[in-house]
J.: 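Structure incoming, see below.
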Protein chains: 2
Amino acid sequence: MTAEQNSALDAMIGYNLKRANTIAESQIRRCLANIGLAPREFSALALAVEIPNITQSTLARHLGVERSGLVSTIDALEQRALLNRVAVPGDRRIQALIATAKGIAAHQEALCAIQMQEEQLTQVLSATEIDSLRAVLQKIRKFEEGKTP
Amino acid sequence: MTAEQNSALDAMIGYNLKRANTIAESQIRRCLANIGLAPREFSALALAVEIPNITQSTLARHLGVERSGLVSTIDALEQRALLNRVAVPGDRRIQALIATAKGIAAHQEALCAIQMQEEQLTQVLSATEIDSLRAVLQKIRKFEEGKTP
DNA sequence: GGTCAACTGTTACAGAGGTTAACAATATTT
DNA sequence: AAATATTGTTAACCTCTGTAACAGTTGACC
């Protein structure tokens, strides 16, 4: 009565993680599509809004992604005028990212949409289950990502 | 002291799910590479071993994937002689998948490797935290996947 | 029975996310 | 001054995934 195990796969944390992530990602993709943002663009925009003048390299580090993989994302955000790459006086290698007013507005809108999506995703869980899930996932992240940050 | 929140992203279940899944997937990919299996191939092989004579369509349904996406995976497994597609007398549309002895052996080996990986992934968690994580992820899956199975 | 609907495996195509390797321009270290 | 490191960028590639179409086959219905 606890959990009908169809397969040994259902006992694996990794497999359950993947399936749950697939569900969450498709929900997020759908609700961000209304705003015209891909999941990847949202997370990059979010950090650009929260950390003004952030650099693409440090942004990539925050997101746990190679910096090369971020170029096209920033391109898209800049083309839609949600942020700008601005030159930095002291260092001519880097370009500071600053979100535009339009970008900040889109970010706010996306935050609302995702909050609703999170409620939908976790509506079958109790408040303590949600907190526990978040805490445990963060624990895994901090342990594994902390190895070579 | 509980959790240093760098960004609002870190409070989102969906984002933590994605990051944790990335970690787990890369671990799994690495440890399955020794056996010569991709993650996708492992999950397909696992079900073929557990459910003899399973059909590609029902296998796809179990994995939550389109059946077209499974063709190349089954091709790879068949080319490596880990399973066979055999004709079914009653119905000439379907082909039953049956794992070979070599396939069963590879599956066993992969199970061991993944068990070690799971211990590595969850080594920072208590036993109750692990059980809780698995239970909560399954709860999400059952709720969302149960909508249109 | 014959027709229409439904299912199976397959192919071709597309797209998102991600990685690695190289590169030129620029800073930093020694 | 020279060697080393960093930044942004491009190009090529991989995996997973979905969509749309298809021919062959089966089942349902009248």
Side-chain angles (χ1 to χ4, degrees), chain A residues 14-15 17-19 21-30 32-33 36-44 48 53-79 83-97 148, chain B residues 14-15 17-19 21-30 32-33 36-44 48 53-79 83-97 148:
Chain A
Y15 188 71
L17 223 36
K18 181 217 161 201
R19 295 292 294 262
N21 179 58
T22 299
I23 293 169
E25 185 187 339
S26 93
Q27 288 181 354
I28 291 172
R29 188 178 306 281
R30 207 166 358 190
L32 285 182
L37 285 176
R40 214 192 152 85
E41 291 165 2
F42 165 72
S43 53
N53 295 317
I54 194 173
T55 277
Q56 276 180 233
S57 285
T58 65
L59 177 53
R61 240 170 275 137
H62 277 267
L63 293 174
V65 165
E66 288 299 316
R67 56 189 149 75
S68 64
L70 221 56
V71 177
S72 61
T73 305
I74 304 297
D75 283 350
L77 291 173
E78 197 173 26
Q79 276 174 14
L83 55 75
N84 291 314
R85 295 184 236 231
V86 303
V88 171
D91 192 332
R92 271 187 293 183
R93 291 172 300 183
I94 66 183
Q95 295 162 261
L97 302 178
T148 33
Chain B
Y15 188 71
L17 223 36
K18 180 217 161 202
R19 294 293 293 262
N21 180 57
T22 300
I23 293 169
E25 186 186 339
S26 94
Q27 288 180 355
I28 291 172
R29 189 177 306 280
R30 206 167 358 193
L32 284 182
L37 285 176
R40 213 192 155 87
E41 289 166 4
F42 164 73
S43 55
N53 294 318
I54 194 173
T55 277
Q56 277 179 233
S57 284
T58 66
L59 177 53
R61 240 170 275 136
H62 277 267
L63 294 175
V65 164
E66 287 300 314
R67 57 196 150 82
S68 64
L70 221 57
V71 177
S72 61
T73 305
I74 304 295
D75 283 350
L77 291 173
E78 195 173 27
Q79 275 173 13
L83 56 73
N84 291 313
R85 295 185 236 230
V86 302
V88 171
D91 193 331
R92 270 186 293 183
R93 292 172 300 183
I94 65 182
Q95 295 162 261
L97 302 176
T148 35

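These numbers come from the heavy atoms of this one structure, side chains and all, not from hydrogens, waters or symmetry mates. Numbered from 1 within each chain, the chains take letters A, B, ... in sequence-line order.
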J.: At their closest point, which heavy atom of Leu83(A) faces which heavy atom of Ala48(A), and how far apart are they?
T.: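 Answer, listing the atom of Leu83(A) first, then Ala48(A): CD2-CB, 4.0 Å.
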
J.: I need the CG-P distance between Leu59(A) and dT9(D), as an integer number of Å.
T.: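 Value for this atom pair: 12 Å.
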
J.: Suppose we screen for side-chain hydrogen bond (donor to acceptor under 3.5 Å, both in side chains). Which residues come up paired with Asp91(A), at least two apart in sequence or across chains?
T.: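 In terms of side-chain hydrogen bond (donor to acceptor under 3.5 Å, both in side chains), with neighbours along the sequence ignored, Asp91(A) is linked to Arg93(A).
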
J.: Does Ser72(B) have any side-chain hydrogen bond (donor to acceptor under 3.5 Å, both in side chains) partners at least two apart in sequence or in another chain, and if so, which?
T.: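 Testing Ser72(B) for side-chain hydrogen bond (donor to acceptor under 3.5 Å, both in side chains), a comparison that skips the adjacent residues, returns none.
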
J.: Is the phosphate of dC7(C) approached by Ser57(B) (side-chain N or O, under 4.0 Å from OP1 or OP2)?
T.: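 No, because none of the side-chain N or O atoms of Ser57(B) sits under 4.0 Å from OP1 or OP2 of dC7(C).
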
J.: In whole angstrom, give the distance that lies between atom CD1 of Ile74(A) and atom C1' of dT7(D).
T.: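 Interatomic distance, CD1 of Ile74(A) to C1' of dT7(D): 14 Å.
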
J.: Can you list everything that forms a side-chain contact (heavy atoms from CB on, under 4.5 Å) with Glu66(B)? Sequence neighbours excluded, please.
T.: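 If we apply the side-chain contact (heavy atoms from CB on, under 4.5 Å) test to Glu66(B), skipping adjacent residues, the hits are Ser68(B).
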
J.: Would you say dT7(D) has OP1 or OP2 under 4.0 Å from some side-chain N or O of Arg85(A)?
T.: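 For dT7(D), neither OP1 nor OP2 has a side-chain N or O of Arg85(A) closer than 4.0 Å.
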
J.: Encode nucleotides 24-30 of chain C as B, S and - characters from 5' to 3', where the letter depends on protein heavy atoms closer than 4.0 Å: B to the base, S only to sugar-phosphate, - to neither.
T.: --BS---

J.: Given atom CD of Gln56(B) and atom C1' of dC7(C), what is their separation to the nearest angstrom?
T.: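 Rounded to the whole Å, the gap is 13 Å.
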
J.: How does protein reach along nucleotides 14-23 of chain D, written 5' to 3' as B (base within reach of a heavy atom under 4.0 Å), S (only sugar-phosphate), or - (no contact)?
T.: -SSSSBB---

J.: Applying side-chain hydrogen bond (donor to acceptor under 3.5 Å, both in side chains), can you list everything that pairs with Glu78(A), at least two apart in sequence or on another chain?
T.: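 Checked Glu78(A) against side-chain hydrogen bond (donor to acceptor under 3.5 Å, both in side chains); matches are Arg85(A).
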
J.: Mind calculating the distance between CD (Gln95(A)) and P (dT6(D)) to the nearest angstrom?
T.: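 So the two atoms are 18 Å apart, to the nearest Å.
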
J.: Please enumerate all residues that pass side-chain contact (heavy atoms from CB on, under 4.5 Å) together with Ala96(A), with sequence neighbours excluded.
T.: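 With sequence neighbours excluded, Ala96(A) shows a side-chain contact (heavy atoms from CB on, under 4.5 Å) to Asn53(A), Val86(A), Val88(A), given in chain and number order.
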
J.: For Ala60(A), which residues count as a side-chain contact (heavy atoms from CB on, under 4.5 Å) partner, sequence neighbours excluded?
T.: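 Residues passing side-chain contact (heavy atoms from CB on, under 4.5 Å) with Ala60(A): Arg67(A), Leu70(A).
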
J.: Evaluate the side-chain contact (heavy atoms from CB on, under 4.5 Å) criterion for residues Val65(A) and Leu59(A): first the C-alpha distance (whole Å), next the side-chain angles of each, then the deciding distance (0.1 Å), finally the verdict.
T.: CA-CA 9 Å; Val65(A) 165; Leu59(A) 177 53; over 6 Å; no

J.: What is the distance from CG of Asp75(B) to C1' of dT11(C), rounded to the nearest Å?
T.: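 Going from Asp75(B) (CG) to dT11(C) (C1'), I get 11 Å.
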
J.: To the nearest Å, give me how far apart CG (Leu97(A)) and C1' (dG8(D)) are.
T.: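 Distance check: Leu97(A) CG to dG8(D) C1' gives 11 Å.
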
J.: Look at the side chain of Arg19(B) and the backbone N and O of Leu63(A), then say whether any donor-acceptor pair between them is shorter than 3.5 Å.
T.: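 Yes.
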
J.: Quick one: Ile94(B) CD1 to dA6(C) C1', roughly how many Å, whole number?
T.: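 Distance, rounded to whole Å: 14 Å.
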
J.: Let me have the donor-acceptor pairs involving side chains of residues 21-29 of chain B, under 3.5 Å, with sequence neighbours excluded, atom names and distances please.
T.:
{"from": "Thr22(B)", "atom 1": "OG1", "to": "Lys18(B)", "atom 2": "O", "distance (Å)": "2.9"}
{"from": "Glu25(B)", "atom 1": "OE2", "to": "Arg29(B)", "atom 2": "NH2", "distance (Å)": "2.5"}
{"from": "Ser26(B)", "atom 1": "OG", "to": "Ile23(B)", "atom 2": "O", "distance (Å)": "3.3"}
{"from": "Ser26(B)", "atom 1": "OG", "to": "Arg30(B)", "atom 2": "NH2", "distance (Å)": "3.4"}
{"from": "Gln27(B)", "atom 1": "OE1", "to": "Gln117(B)", "atom 2": "NE2", "distance (Å)": "2.9"}
{"from": "Gln27(B)", "atom 1": "NE2", "to": "Glu144(A)", "atom 2": "OE1", "distance (Å)": "3.4"}

J.: Run the side-chain hydrogen bond (donor to acceptor under 3.5 Å, both in side chains) test against Thr55(B) and tell me which residues pass, sequence neighbours left out.
T.: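 Counting only residues at least two positions away or on another chain, Thr55(B) forms no side-chain hydrogen bond (donor to acceptor under 3.5 Å, both in side chains).
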
J.: What protein N or O atoms touch nucleotides 3-5 of chain C N or O atoms at under 3.5 angstrom, if any, and at what distances?
T.:
none

J.: Whole Å only: how far is the CZ atom of Arg19(B) from the C1' atom of dG17(C)?
T.: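 It works out to 14 Å between those atoms.
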
